[in-house]
Protein chains: 2
Amino acid sequence: MDQTAHIDTPPEPDGIAAFKHAFRRHAAGVVVITALTSEGSPVGFTATSLASLAAVPPLATFNMARAATAWPAIAATEWVAIQTMGARTRHLAERMSGVHSLRFEGDHWAPGPHGLPILNGVTSWMIGRIVERFPVANNVVVVVQIEEGALGEPDAALLYHERAYRKPGDAV
Amino acid sequence: MDQTAHIDTPPEPDGIAAFKHAFRRHAAGVVVITALTSEGSPVGFTATSLASLAAVPPLATFNMARAATAWPAIAATEWVAIQTMGARTRHLAERMSGVHSLRFEGDHWAPGPHGLPILNGVTSWMIGRIVERFPVANNVVVVVQIEEGALGEPDAALLYHERAYRKPGDAV
């Protein structure tokens with residue numbers, strides 16, 4: 001068998017380029033993850049790395065850079081709130097990936113369980129207890145066990161794909 | 001502030017139910033991950049847990065159960081092929097989550113770098129060197145460094161959302 005007969009472009013020997021091109025073809029769901037600093041200030045960020053790890057016990061993972069502004073809070077706290085975003089809260093996903101000092105300025109959120117910030121209008125939120133923080137180079141894989149949560153407002157799921165926010169389309 | 005004013009349904013005190021409901025609202029990109037057993041036989045499975053960990057060096061994670069048929073191969077090998085799926089290869093995503101003995105029966109794949117099975121028609125593939133396997137309960141978080149790859153055929157990305165395969169829709 002010709003091992004590349006079905007591939008249009010020559011292989012990229014460069015892992016960085018291969019990674020970039022492949023992830024551009026990949027679509028990801030968008031969440032916002034929030035926590036509190038040890039002083040009780042809200043921190044949060046938009047992420048496309050939420051993944052299910054197990055349903056029983058309910059475990060999930062997300063990834064972050066240890067250079068991220070929220071990392072000291074995530075490193076020190078036991079609790080995070082993971083919020084699935086919908087098309088109508090696209091502006092909140094953008095805000096939570098924008099200027100740090102403006103992320104919690106306003107009435108677009110309210111404290112939920114453990115005082116964790118819950119954004120208005122999210123399609124669901126889950127409270128995760130951090131059970132592992134696995135360092136990898138300058139990054140960390142955070143493992144949470146989901147302890148409680150709620151469904152929010154019905155809305156189309158929010159995707160990030162090809163450098164744009166989108167909603168899911170037709171079944172294929 | 002009323003901490004639940006924006007939530008339609010009462011919180012789920014049950015983490016399993018909260019996890020299930022939230023992930024049903026979350027959309028995920030679909031990949032197929034393949035490897036070789038120590039005897040050289042192909043193994044593979046469909047996954048929605050691929051996540052970017054870092055761009056430099058290019059690192060990604062995926063999650064699996066240690067009860068999975070492919071786990072002994074993933075536990076023993078250094079290499080995996082991660083393939084982003086498109087709408088036209090939905091049938092291959094279904095096949096790679098179906099009956100184990102039929103997953104590689106046919107001419108829908110060919111050996112690529114390191115002999116790893118590459119499926120025909122995928123939108124891209126990446127070769128990942130396994131750099132960490134983090135056990136969590138009966139599961140494992142696998143960390144790979146991307147070493148090479150290629151773009152495949154242009155196609156709509158394949159999503160899994162609300163128990164159906166979909167393609168991305170309009171920008172929002």
Side-chain angles (χ1 to χ4, degrees), chain A residues 1 3 6-9 11-13 15-16 18-19 21-23 25-29 49 51-54 56-59 61 63 84 87 90 110-112 120-121 123-124 126 132 134 136-137 139 141 143 146-153 157 159 161 164-172, chain B residues 1 3 6-9 11-13 15-16 18-19 21-23 25-29 49 51-54 56-59 61 63 84 87 90 110-112 120-121 123-124 126 132 134 136-137 139 141 143 146-153 157 159 161 164-172:
Chain A
M1 285 187 286
Q3 66 180 59
H6 55 290
I7 292 293
D8 291 347
T9 51
E12 292 269 8
I16 293 174
F19 173 94
H21 292 150
F23 271 96
R25 292 269 169 111
H26 189 62
S49 62
S52 168
L53 175 61
V56 182
L59 297 167
T61 58
N63 301 336
T84 57
R90 170 219 160 121
N120 295 347
T123 59
S124 74
M126 299 181 276
E132 299 281 2
F134 294 123
V136 183
N139 318 287
V141 178
V143 183
I146 304 307
E147 301 287 1
E148 60 177 311
L151 280 177
E153 301 181 16
L159 301 174
H161 179 52
Y165 287 107
R166 296 177 190 280
K167 54 188 179 181
D170 296 336
V172 295
Chain B
M1 284 188 285
Q3 69 180 58
H6 55 288
I7 292 293
D8 292 347
T9 51
E12 292 269 8
I16 293 173
F19 172 94
H21 291 149
F23 270 97
R25 290 268 169 110
H26 189 62
S49 63
S52 168
L53 176 61
V56 182
L59 297 168
T61 58
N63 302 336
T84 57
R90 169 218 160 122
N120 295 348
T123 59
S124 75
M126 300 181 275
E132 300 280 2
F134 295 123
V136 183
N139 318 286
V141 177
V143 183
I146 304 307
E147 302 286 1
E148 60 178 310
L151 281 177
E153 300 180 16
L159 302 175
H161 179 52
Y165 286 106
R166 296 179 189 279
K167 54 186 178 181
D170 296 336
V172 295

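Letters A, B, ... mirror the listed sequences (proteins, then strands); counts begin at 1.
In this structure, chain B has heavy atoms under 4.5 Å from both the backbone and the side chain of A:L59. At a 4.5 Å heavy-atom cutoff, the contact between A:R25 and chain B is made by backbone and side-chain atoms alike. Looking at A:Y165, the atoms closer than 4.5 Å to chain B (heavy atoms on both sides) sit in the backbone and in the side chain alike. Using a 4.5 Å cut-off between heavy atoms, A:H21 touches chain B through backbone and side chain atoms alike.
Among B:I146, B:V143, B:N139, B:L53, the residue making the largest number of heavy-atom pairs under 4.5 Å with chain A is B:L53. In terms of heavy-atom pairs under 4.5 angstrom with chain A, the leader among B:A164, B:A22, B:G169 is B:G169. Chosen from A:P168, A:A87, A:A157, A:A137, the residue pairing most often with chain B at heavy-atom distances under 4.5 Å is A:P168.
When side chains are defined from C-beta on, A:F134 counts as touching B:V136, because their heavy atoms get closer than 4.5 Å. Contact of the A:V172 side chain with the B:R166 side chain is not registered, since no non-hydrogen atoms from C-beta on lie closer than 4.5 Å. You'll find the side chain of B:P58 stays beyond 4.5 Å of the side chain of A:F23, heavy atoms only.
Rounding to the nearest 0.5 angstrom, the gap separating the CG atom in A:L159 from the NE2 atom in B:H26 is 9.0 Å.
In this view, A:A28 and A:T48 satisfy the side chain to side chain contact (heavy atoms under 4.5 Å, CB included) rule, not counting sequence neighbours. Residues forming a side-chain hydrogen bond (donor to acceptor under 3.5 Å, both in side chains) with B:T84 (at least two apart in sequence, or on another chain): B:T123, B:S124.
With 3.5 Å as the limit, one finds a donor-acceptor pair spanning the side chains of A:N63 and B:T61.
Closest approach of A:A18 and B:E148 over heavy atoms only: CB-C, 3.5 Å. Of all non-hydrogen atoms in B:S49 and A:S52, the two that sit nearest each other are CB-O, 4.1 Å. For the residue pair B:A54 and A:F19, the shortest heavy atom distance occurs at O-CZ, 3.2 Å.
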